[in-house]
Amino acid sequence: MLTIALPKGRIAEDTLEKFEHAFNEKFIFEDRKLILEKSGFRFLNVRNQDVPTYVMHGAADLGVVGLDVLEEKEYDLIKLLDLQLGKCKVAFGLIKGQELDFSKSQITVATKHEKIAKKYFEKKAMAVKIIKLYGSIELAPLVNLADCIVDIVETGTTMKQNGLEVGPTIMESSAHLIVNKNSYYAKKDLVFNLKDKLEAVL
Ligand code: PRP
């Protein structure tokens with residue numbers, strides 16, 4: 001049996017669809033149920049940011065998570081396969097017409113992605129003040145909470161509709177299948193069978 005943590009929402013649905021193709025079986029969570037057990041798999045329905053935590057602690061053998069979320073957690077997990085779902089980038093959002101002013105003594109950045117933003121400025125040896133937010137990040141520069149934002153950009157529509165422009169990209173992201181290190185060795189056959197089957201339908 002393999003336990004797989006899936007991030008609630010579209011990525012979970014798209015991942016289960018890939019499983020359906022790979023194993024010729026229907027995998028659907030019943031209304032509000034958080035566990036789905038079928039054909040040797042146990043799927044867990046968890047919050048996006050919690051996926052690496054379940055896998056790190058071994059409560060799930062595998063998980064599906066965006067590289068951006070993984071980067072924020074800095075856990076020691078194995079990336080097994082790029083599922084090529086949920087493609088997006090982590091980028092700056094700037095007030096229209098403005099540019100990142102690297103000559104400023106300190107830039108204030110609002111973001112959900114604290115570590116990714118911090119690392120970016122560390123590499124440039126620049127002082128940064130990070131303001132951690134949990135959502136509606138685009139609002140921050142509009143009300144002078146921050147000079148700019150670092151956020152997920154998929155189509156760019158959210159930034160555009162809020163008077164922001166997409167600035168430099170920090171990283172590209174997509175959903176990856178990740179594995180707990182112990183499971184990787186203890187359940188090697190199951191894990192690699194799954195990897196091969198999924199790869200064949202990608
Ligand atoms: C992300 C991000 C933006 C939006 C960008 O939020 O925070 O608000 O998507 O997408 P776009 O470029 O296509 O407009 P998400 O939907 O992941 O919700 P969250 O804030 O709850 O993470």
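Values in this document were obtained by computation on a predicted structure and should not be read as measured data. Order of listing sets the numbers, starting from 1, for every ligand and every atom in it.
Taking the ring axis of Y184 as reference, the NZ or CZ atom of K187 does not stay both within 45° of it and closer than 6.0 Å to the ring centre.
A donor-acceptor contact closer than 3.5 angstrom links the side chains of S39 and E25.
Distance screen at 4.0 Å: atom 10 (O) of ligand 1 has a protein heavy-atom neighbour inside the cut-off.
Atom OH of Y185 sits in a sparse spot, with 12 or fewer heavy atoms from other residues, nucleotides or ligands closer than 6.0 Å.
Between G135 and ligand 1, a contact under 3.5 Å exists for no N or O pair. For ligand 1, none of its N or O atoms has an N or O atom of Y134 under 3.5 Å away.
Proximity to V153 (heavy-atom distance under 4.0 Å) selects the following atoms of ligand 1: 12 (O). Of all atoms in ligand 1, numbered sequentially from 1 with element shown, those under 4.0 Å from a heavy atom of T155 are 11 (P), 12 (O), 13 (O), 14 (O). Atoms of ligand 1 lying under 4.0 Å from at least one heavy atom of G156, given by number and element, are 11 (P), 12 (O), 13 (O). Contact atoms of ligand 1 toward E138: 3 (C), 8 (O) (distance under 4.0 Å to a heavy atom of the residue). Taking every heavy atom of I152 and a limit of under 4.0 angstrom, the matching atoms of ligand 1 come to 2 (C), 3 (C), 5 (C). Close contacts between ligand 1 and T158 involve ligand atoms 4 (C), 5 (C), 8 (O), 10 (O), 11 (P), 14 (O) [criterion: under 4.0 Å to a heavy atom].
With respect to R10 and E154, a salt bridge is recorded, a charged nitrogen being found less than 4.0 Å from a carboxylate O. Salt bridge annotation for D68-K89: absent, with no cationic side-chain nitrogen under 4.0 angstrom from a carboxylate oxygen.
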Exercise. After noting the C-alpha distance and the side-chain angles of K118 and E74, does the key distance pass the salt bridge (charged side-chain N to carboxylate O under 4.0 Å, His left out) rule?
Worked result: CA-CA 13 Å; K118 225 175 244 167; E74 296 179 317; over 6 Å; no
For this session: Before giving the answer on salt bridge (charged side-chain N to carboxylate O under 4.0 Å, His left out), spell out for E71 and K119 the whole-Å C-alpha distance, their side-chain angles and the decisive distance to 0.1 Å.
Result: CA-CA 11 Å; E71 190 83 9; K119 265 190 213 157; 3.4 Å; yes
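Between K160 and ligand 1 there is no heavy-atom distance shorter than 4.0 Å.
Distance from atom 20 (O) of ligand 1 to its nearest protein heavy atom, with residue and atom name: K112 NZ, 2.9 Å.
Between I35 and F29 there is no side-chain heavy-atom pair separated by less than 4.5 Å.
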